[in-house]
Amino acid sequence: MEHLLLTCPDDWANDARGDFFEGFVADVLRPMRFTVAQRLRFTGMEIDLLAKSEDQPRTILVECKAHRDPLPADVISKLIGNVTLRRADAGWLFSTGDLTKDGRGQWEEIQNDPALAQRFMWYSPTRLMDVLKQQRRVIDPLTLTARLHHFDVGNWTLIVTPTGRHWLAEIVESGMPTRYVVFDAATGEALDAVRANGVAAAEPRFSALEPLALLETQLALNIRERAPVARVISGEAWDDLRPAHPKGFVGRDDIISDVSTFIADVRDGSTSTRTFAVQGPSGWGKSSLVLKLADLAGKSRLARCSVTAIDSRSATNSAFVSEAFRLALVDAATHQLLPAGFNPVLQSIRDPLDSPDIQRACDELVQQRACIVLIFDQFEELFAKEQLFETFNAVRELSLELDARQWPIVLGFAWKTDASLPQQHPAYHLWHQLSDRRRTFKIREFGKRDIQKIVSGAELSSGKRLSPAVRARVSDQSQNLPWLLKKLLVHVLQRVSSEESQYIFLERELDVELLFKEDLSILPEEPVRCLRYVAQRAPVAIAEVEENFSRDSTNLLIDSRLLVRSGMNYVVYWDVFRDYLVDGRVPHIPWARTFQRGAAIAVRALQILRDTAPSSIPKVGSALGLKEGPAFNLFGDLVALQLVESL
């Protein structure tokens with residue numbers, strides 16, 4: 001497979017960029033015996049090139065589109081209209097990218113109409129490269145393949161810059177491109193690593209590969225180690241603050257139903273949308289929801305579906321996107337949606353969907369009426385670091401390609417809505433450009449029934465039972481926030497030994513900032529510094545962390561589930577805790593409370609305490625005729641209102 005890439009320096013103005021591509025096309029037209037004029041303006045229109053035949057009275061209007069994204073049908077319609085208005089003989093479109101589905105449909109209609117076919121011609125990138133070969137402007141890359149017989153060669157890309165034309169060959173290892181070799185497209189000379197790197201820099205996606213200096217005697221190299229793509233991992237126990245295991249997942253029936261219905265619609269061909277997003281603030285259970293969807297794959301409404309959930313924090317470069325996509329295909333084979341043992345080969349880091357294995361897999365999915373779902377969890381992490389912006393761009397292009405091809409493949413994104421993304425950030429515009437191409441599902445707070453189920457599950461797992469008063473206190477103070485409910489339950493259930501000891505939790509509010517401080521107070525100094533270091537830079541390479549801190553410190557943090565390994569990176573799994581480590585900030589939680597007793601008995605308690613203070617809760621409760629439990633509930637209310645103090 002061959003691709004075309006025209007590129008010029010980033011600091012060039014738009015007019016200069018347009019002149020470069022138009023000049024390139026003009027050089028292609030002149031050997032066809034055309035006289036070419038650039039950038040002409042007429043009333044109501046602008047024409048990129050006007051080509052006049054030297055051998056016959058024939059005038060061609062030429063449109064030049066150097067775009068990576070597919071071109072819509074209206075580009076063709078506009079060109080045909082201009083041909084009619086200017087009474088030209090034909091209109092030719094030169095593009096460096098493909099056409100959209102509608103554009104291809106219009107192109108095919110033109111091809112089937114002899115009159116229109118004579119008046120319109122599309123020079124696709126493939127056809128343009130064929131012309132260059134016929135004109136002997138570039139060497140056919142097939143003649144260079146013999147020099148790479150030691151390697152598995154993927155795609156060839158013709159890179160055209162203001163300084164030259166080069167062929168870049170991607171070297172495939174274990175199903176993915178890992179290296180590249182660059183040749184001068186005119187002479188066939190192999191470039192050394194330094195010069196090859198300068199050519200490859202024209203496409204940021206190639207930075208995920210390594211240059212290979214080709215020697216005639218060179219033998220196959222050892223397979224290059226690649227950074228692993230990490231799946232979303234669930235917690236192992238009830239008190240693990242990582243995402244809930246699917247078996248212990250509670251609630252969210254409405255959003256699970258809605259997302260499952262959407263995926264089923266894609267599988268059944270009932271919708272043209274191919275992307276969705278699960279959105280909500282930090283700690284609201286998005287990752288747990290993603291894991292639950294993966295667990296439901298193949299069942300009920302998700303029959304004949306596979307779901308692959310990827311942790312975006314394991315990304316190190318743009319190859320992450322192709323690796324994740326390839327993993328989703330392997331998972332589909334595990335779910336028997338593709339042939340057993342299917343091990344797809346992606347031939348291009350820049351255009352993975354053009355690989356023959358991907359085409360065959362999608363044909364099989366259509367035949368089986370099956371669907372593949374790939375979800376990027378913690379997606380906002382791809383906005384966080386400048387070096388990962390090209391990774392985000394690769395996700396965007398994959399989304400647009402799947403949308404255009406309408407294959408039964410769904411991309412999902414789970415990301416937090418409280419992530420700050422300024423409007424001047426490039427990813428802000430790219431993300432919002434996709435808004436009309438995706439379905440959005442907003443995750444809600446927990447309801448009372450959800451909270452009751454989670455508390456009961458935690459009691460069962462811990463072997464401890466909370467008193468009704470403590471259950472009510474935890475429920476009230478959680479404010480229906482999933483992350484806070486889990487943190488409070490872990491804090492309380494790990495510390496109570498009997499029903500009587502639970503009353504200490506009724507005497508004070510469960511302050512989340514205090515709980516975070518307690519988590520840090522039990523750690524030695526170096527692990528705390530290590531934790532703050534990771535929080536400020538996350539995701540941060542494991543090698544970088546272990547250069548600055550001892551293995552004992554990282555092991556302690558991992559054992560304490562405060563530090564998590566994601567691929568080749570370390571992260572602080574809990575976003576809320578990470579924010580606290582970075583700037584000491586805890587989320588603003590509006591105070592609300594369900595009071596246990598009425599105002600009249602509260603006033604009587606204050607009067608008794610005024611006359612007998614200091615006193616104990618049992619004594620005041622006895623004077624009021626209350627049992628110990630209701631008495632503690634009453635004084636919990638008074639403490640919350642700051643009317644009494646616990647000594």
Side-chain angles (χ1 to χ4, degrees), residues 1-4 21-22 25 28-29 31-34 36 44-53 55-135 158 266 269-274 351 353-356 358-367 369 400-409 437:
M1 182 69 70
E2 298 169 9
H3 289 92
L4 175 64
F21 184 41
E22 291 162 13
V25 173
V28 173
L29 292 172
M32 299 181 185
R33 296 188 59 76
F34 281 104
V36 183
M45 73 176 69
E46 179 178 304
I47 298 172
D48 292 335
L49 299 176
L50 182 66
K52 294 184 177 181
S53 174
D55 301 318
Q56 52 185 313
R58 193 166 186 235
T59 301
I60 313 293
L61 301 187
V62 181
E63 187 76 17
C64 305
K65 295 292 185 183
H67 293 277
R68 174 130 171 87
D69 294 341
L71 296 174
D74 61 4
V75 173
I76 299 175
S77 301
K78 182 179 178 181
L79 179 56
I80 293 176
N82 287 343
V83 168
T84 302
L85 288 172
R86 297 303 308 169
R87 294 182 175 84
D89 295 293
W92 289 0
L93 171 64
F94 286 78
S95 71
T96 58
D98 203 348
L99 299 176
T100 61
K101 183 181 179 181
D102 291 342
R104 277 199 168 271
Q106 188 170 22
W107 162 245
E108 290 169 3
E109 289 177 4
I110 291 172
Q111 293 296 100
N112 294 327
D113 185 326
L116 280 175
Q118 289 183 350
R119 304 193 69 196
F120 177 78
M121 182 74 69
W122 174 41
Y123 279 83
S124 66
T126 300
R127 185 169 186 173
L128 186 50
M129 287 186 288
D130 287 342
V131 171
L132 290 171
K133 294 174 196 174
Q134 293 165 7
Q135 295 176 349
L158 178 61
V266 174
S270 301
T271 179
S272 60
T273 303
R274 290 295 181 269
D351 299 279
L353 298 189
D354 288 341
S355 305
I358 308 305
Q359 301 277 353
R360 285 192 290 270
C362 291
D363 290 343
E364 181 74 15
L365 290 173
V366 172
Q367 184 177 349
R369 292 185 65 83
L400 293 174
E401 281 289 317
L402 291 175
D403 183 80
R405 300 182 190 225
Q406 289 293 289
W407 287 339
I409 299 177
R437 300 172 185 265

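On a predicted model such as this, the values are computed, not experimentally measured, just so you know.
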Any sub-3.5 Å donor-acceptor pair from Gln406's side-chain atoms to Ser272's backbone N or O? yes
I need the Arg119 CZ to Trp92 CH2 distance, nearest 0.5 Å. 14.0 Å
May I ask you to test the Pro70-Glu401 pair for a side-chain heavy-atom distance under 4.5 Å? yes
Report yes if some heavy atom in the side chain of Arg86 is under 4.5 Å from a heavy atom in the side chain of Thr59; otherwise report no. no
Is the backbone N or O of Arg127 less than 3.5 Å from a side-chain atom of Ser124, with the two atoms forming a donor-acceptor pair by type? yes
Is any side-chain heavy atom of Phe94 closer than 4.5 Å to a side-chain heavy atom of Asp48? no
May I ask you to say whether Asp354 pairs ionically with Arg405, meaning some side-chain N is under 4.0 Å from a carboxylate O? yes
Hey, are the side chains of Val366 and Pro408 touching, using non-hydrogen atoms and a 4.5 Å cut-off? yes
Between Gln111 and Trp122, is there a side-chain heavy-atom distance shorter than 4.5 Å? no
How about NZ on Lys133, more than 12 heavy atoms from neighbouring residues, nucleotides or ligands closer than 6.0 Å, or not? yes
To the nearest 0.5 Å, how far apart are CG in Leu61 and CZ in Arg87? 12.5 Å
Is any side-chain heavy atom of Tyr123 closer than 4.5 Å to a side-chain heavy atom of Val25? no
So Ile76 and Leu99, do their side chains get closer than 4.5 Å, heavy atoms only? yes
Show, in sequence, the C-alpha distance, side-chain angles and deciding distance for Lys65 and Leu93, and conclude whether the side chain to side chain contact (heavy atoms under 4.5 Å, CB included) test is met. CA-CA 8 Å; Lys65 295 292 185 183; Leu93 171 64; 3.9 Å; yes
Please check: side-chain N/O of Glu2 versus main-chain N/O of Leu158, any donor-acceptor pairing under 3.5 Å? no
Give the C-alpha distance, both sets of side-chain angles, the deciding distance and a yes or no for side chain to side chain contact (heavy atoms under 4.5 Å, CB included) between Leu50 and Val36. CA-CA 6 Å; Leu50 182 66; Val36 183; over 6 Å; no
Could you tell me if the side chain of Ile409 sits less than 4.5 Å from the side chain of Arg274, heavy atoms only? no
